[in-house]
**Q** 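Following this message is one structure expressed as structure tokens.
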Amino acid sequence: MDISVVIPLYNEEESLPELASWIERVMQANGFTYEILFIDDGSTDSSFEVVKSLASSNPNIRAVSFSRNYGKSPALNIGFRKAKGDVVITMDADLQDSPDEIPELYRMITEDGYDLVSGWKKKRYDPLSKTLPTKLFNATARAVSGIKNLHDFNCGLKAYRSAVVKHIEVYGDMHRYIPYLAKNAGYHKIGEKVVHHQARKYGHTKFGLDRFVNGYLDLGTLWFQSKFGVKPMHIFGLLGSLMFIIGFLAVLVVLILKIISINSDTYYFYVTNSVYFYLSLAAMIMGLQFFLSGFIGELITRNSPERNNYLVAEEI
């Protein structure tokens, strides 16, 4: 099969017939063998009933419906697990992504050799309250991930080589960082394509401003896992050692001042009145806690069933 189109959706009953018909026209015009995977993320309207009706008239449509709303990342993850196409394309269900982009995205994967191609909505039809935080978010994501050529990490319109989606796990809200997940899995040929962005035709956006706060927290988690997930002692042990050294130096200062005080008739030094005493106490306790955190992290890592799970690119 050439293409799997994975579409997560939540309360998009109005747009689904038009979207399915549009994708079908594009596939037939280009002679692609394909499937459309609709992942209903616990819609409370009649979205899944619409999908079942579409599937009855088009055997290329498959669907999964969650019992409740879990989020976009779980929807994409189950779609990736079930996709059968050589190229997997994701898009949103709100008609803001154009299926006319599919042939070129497919060509970039199959002919240009990209592992992942991300869409860039260079001209957006979103309000300023959404576009400005998005620019800041993407600038931060580029700096942290090291993927300098992507302008829009969170664009829903992406194309993947099949192996990529089978070797990454999208959970929580990590759909924003799929290119980073792919890079960490060893897929470094990541490209970008300017895509057409359309104004929302039906309904309203399902995302609030809290996604930007959560996005930065997730980015920090992903960065830490990629750098120190296998060797947590490398970061916690280093921090613990530094804190312990600071505490030890503070103790030396306290000791020197006390010796001077003992040997002086006019200078009286009380240990508990010195800031160095409390600095040494706090630094040593924090250093010990950091070191123990790293040690516990190492024990957990060594007992993880995934500790020796490596992705093999090729074997002869």
Side-chain angles (χ1 to χ4, degrees), residues 1-30 32 34-41 43 47 50-51 54-55 58 60-64 71-109 114 116-126 134 150-162 164-165 170 175-176 178-179 182 191-203 205-207:
M1 183 182 294
D2 295 326
I3 298 174
S4 293
V5 183
V6 176
I7 304 174
L9 64 100
Y10 179 68
N11 292 346
E12 299 286 358
E13 59 183 356
E14 302 96 341
S15 63
L16 295 176
E18 185 175 341
L19 178 60
S21 177
W22 193 351
I23 294 173
E24 185 177 2
R25 289 197 306 272
V26 170
M27 296 299 184
Q28 291 177 349
N30 290 273
F32 293 133
Y34 73 99
E35 65 177 354
I36 304 174
L37 283 165
F38 285 109
I39 313 298
D40 182 8
D41 187 23
S43 294
S47 291
V50 173
V51 170
L54 293 171
N58 185 347
N60 296 307
I61 292 178
R62 301 165 59 205
V64 174
K72 188 174 182 178
S73 290
L76 285 173
N77 195 63
I78 195 169
F80 289 163
R81 300 286 82 79
K82 293 184 175 296
K84 300 177 181 178
D86 297 329
V87 174
V88 178
I89 292 177
T90 60
M91 63 174 53
D92 294 334
D94 55 12
L95 292 174
Q96 291 190 280
D97 297 330
S98 172
D100 289 334
E101 307 283 356
I102 291 176
E104 179 61 15
L105 289 171
Y106 177 80
R107 188 199 67 78
M108 292 178 73
I109 296 292
Y114 286 105
L116 184 157
V117 178
S118 182
W120 175 23
K121 297 173 182 177
K122 194 172 183 178
K123 182 179 180 181
R124 301 182 69 100
Y125 293 92
D126 291 323
T134 296
L150 292 191
H151 293 83
D152 191 357
F153 277 72
N154 198 27
C155 179
L157 186 57
K158 288 183 173 68
Y160 311 81
R161 191 179 306 280
S162 177
V164 175
V165 301
V170 190
H175 61 274
R176 302 181 182 95
I178 289 180
E192 183 175 68
K193 180 185 182 301
V194 176
V195 297
H196 180 61
H197 182 229
Q198 304 176 121
R200 175 178 275 274
K201 191 172 181 180
Y202 305 104
T205 182
K206 309 302 188 300
F207 301 101

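Each residue takes its place number in the sequence, starting with 1.
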**Q** Starting at CD1 of I89, measure out to CD1 of I36 and round the result to the nearest 0.5 Å.
**A** 11.0 Å

**Q** Can you name the side chain to side chain contact (heavy atoms under 4.5 Å, CB included) partners of A93, sequence neighbours left out?
**A** I7, L9, E12, L16, L19

**Q** So, taking the atom named CH2 in W120 and the one named CG in L150, what distance separates them when rounded to the nearest 0.5 Å?
**A**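 Those atoms lie 10.5 Å apart.
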
**Q** Give the minimum heavy-atom separation between A75 and P8, together with the two atoms involved.
**A**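 Taking A75 first and P8 second, the nearest heavy atoms are CB-CB, 3.8 Å.
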
**Q** Check whether any side-chain heavy atom of L76 lies under 4.5 Å from a side-chain heavy atom of I178, and answer yes or no.
**A** yes

**Q** Please name all residues satisfying side chain to side chain donor-acceptor pair (under 3.5 Å) with S47, sequence neighbours left out, ordered by chain then number.
**A** D45

**Q** Mind checking whether I23 and P99 have side chains closer than 4.5 Å, heavy atoms only?
**A**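 Side chain of I23 against side chain of P99, heavy atoms only: contact under 4.5 Å found.
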
**Q** Quick one: list whatever passes ring-ring contact (aromatic ring centres under 6.0 Å, His included) with F80, sequence neighbours left out.
**A**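 F80 satisfies ring-ring contact (aromatic ring centres under 6.0 Å, His included) with Y160 once adjacent residues are dropped.
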
**Q** Name all residues meeting the side chain to side chain contact (heavy atoms under 4.5 Å, CB included) criterion together with N58; count only those two or more places apart in sequence or in a different chain, and write none if there are none.
**A**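 In terms of side chain to side chain contact (heavy atoms under 4.5 Å, CB included), with neighbours along the sequence ignored, N58 is linked to E24, Y34, N60, I61.
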
**Q** Can you sort out the partners of E35 under salt bridge (charged side-chain N to carboxylate O under 4.0 Å, His left out), two or more places apart, ordered by chain and number?
**A**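 E35 satisfies salt bridge (charged side-chain N to carboxylate O under 4.0 Å, His left out) with R62 once adjacent residues are dropped.
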
**Q** Name all residues meeting the side chain to side chain donor-acceptor pair (under 3.5 Å) criterion together with S21; count only those two or more places apart in sequence or in a different chain, and write none if there are none.
**A** R25

**Q** Taking only residues two or more places apart in sequence, or in another chain, which ones meet S43 in a side chain to side chain donor-acceptor pair (under 3.5 Å)?
**A**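 Applying side chain to side chain donor-acceptor pair (under 3.5 Å) to S43 gives D40.
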
**Q** Under the salt bridge (charged side-chain N to carboxylate O under 4.0 Å, His left out) test, which residues partner R107, sequence neighbours left out?
**A**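 Salt bridge (charged side-chain N to carboxylate O under 4.0 Å, His left out) check on R107 returns E104, E111, D112.
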
**Q** Which distance, rounded to the nearest 0.5 Å, do you find between the CG of L105 and the NZ of K158?
**A**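 These two atoms lie 11.0 Å from each other.
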
**Q** Of the non-hydrogen atoms in L37 and G79, which two are nearest, and what is the gap between them?
**A**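 Heavy atoms only, the tightest pair is CD1-O, 3.7 Å.
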
**Q** Using modelled atom types only, decide if a donor and an acceptor are shared between the side chain of R161 and the backbone of I109 within a distance under 3.5 Å.
**A**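 Judged by distance alone, yes, a pair lies under 3.5 Å.
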
**Q** Could you check whether any side-chain N or O of K72 sits under 3.5 Å from a backbone N or O of R176, counting only pairs where one atom can act as donor and the other as acceptor?
**A**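 No; judged by distance alone, with no hydrogens or angles, the pair does not exist.
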
**Q** Please collect all side-chain hydrogen bond (donor to acceptor under 3.5 Å, both in side chains) contacts where either partner lies in residues 75-88, sequence neighbours excluded, each pair once.
**A** N77-R81

**Q** Output all residues satisfying ring-ring contact (aromatic ring centres under 6.0 Å, His included) with F32, sequence neighbours left out; order by chain, then residue number.
**A** Y106

**Q** Keeping the roles fixed (side chain from E192, backbone from H151), state whether a donor-acceptor pair exists under 3.5 Å.
**A** yes

**Q** Salt bridge (charged side-chain N to carboxylate O under 4.0 Å, His left out) with D97: which residues, sequence neighbours excluded?
**A** K121

**Q** Going by side-chain contact (heavy atoms from CB on, under 4.5 Å), W22 matches just one of P17, S15, S98. Which one?
**A**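 So, applying the side-chain contact (heavy atoms from CB on, under 4.5 Å) to W22 and each of P17, S15, S98, only S98 qualifies.
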
**Q** How far apart are the closest heavy atoms of A182 and L116, and which atoms are they?
**A** CB-CD1, 4.0 Å

**Q** Do V26 and D100 have side chains that get closer than 4.5 Å, going by heavy atoms?
**A** yes

**Q** Go through the structure and list residues passing salt bridge (charged side-chain N to carboxylate O under 4.0 Å, His left out) with E101, not counting sequence neighbours.
**A**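 Once residues adjacent in sequence are excluded, the partners of E101 under the salt bridge (charged side-chain N to carboxylate O under 4.0 Å, His left out) criterion are K193.
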
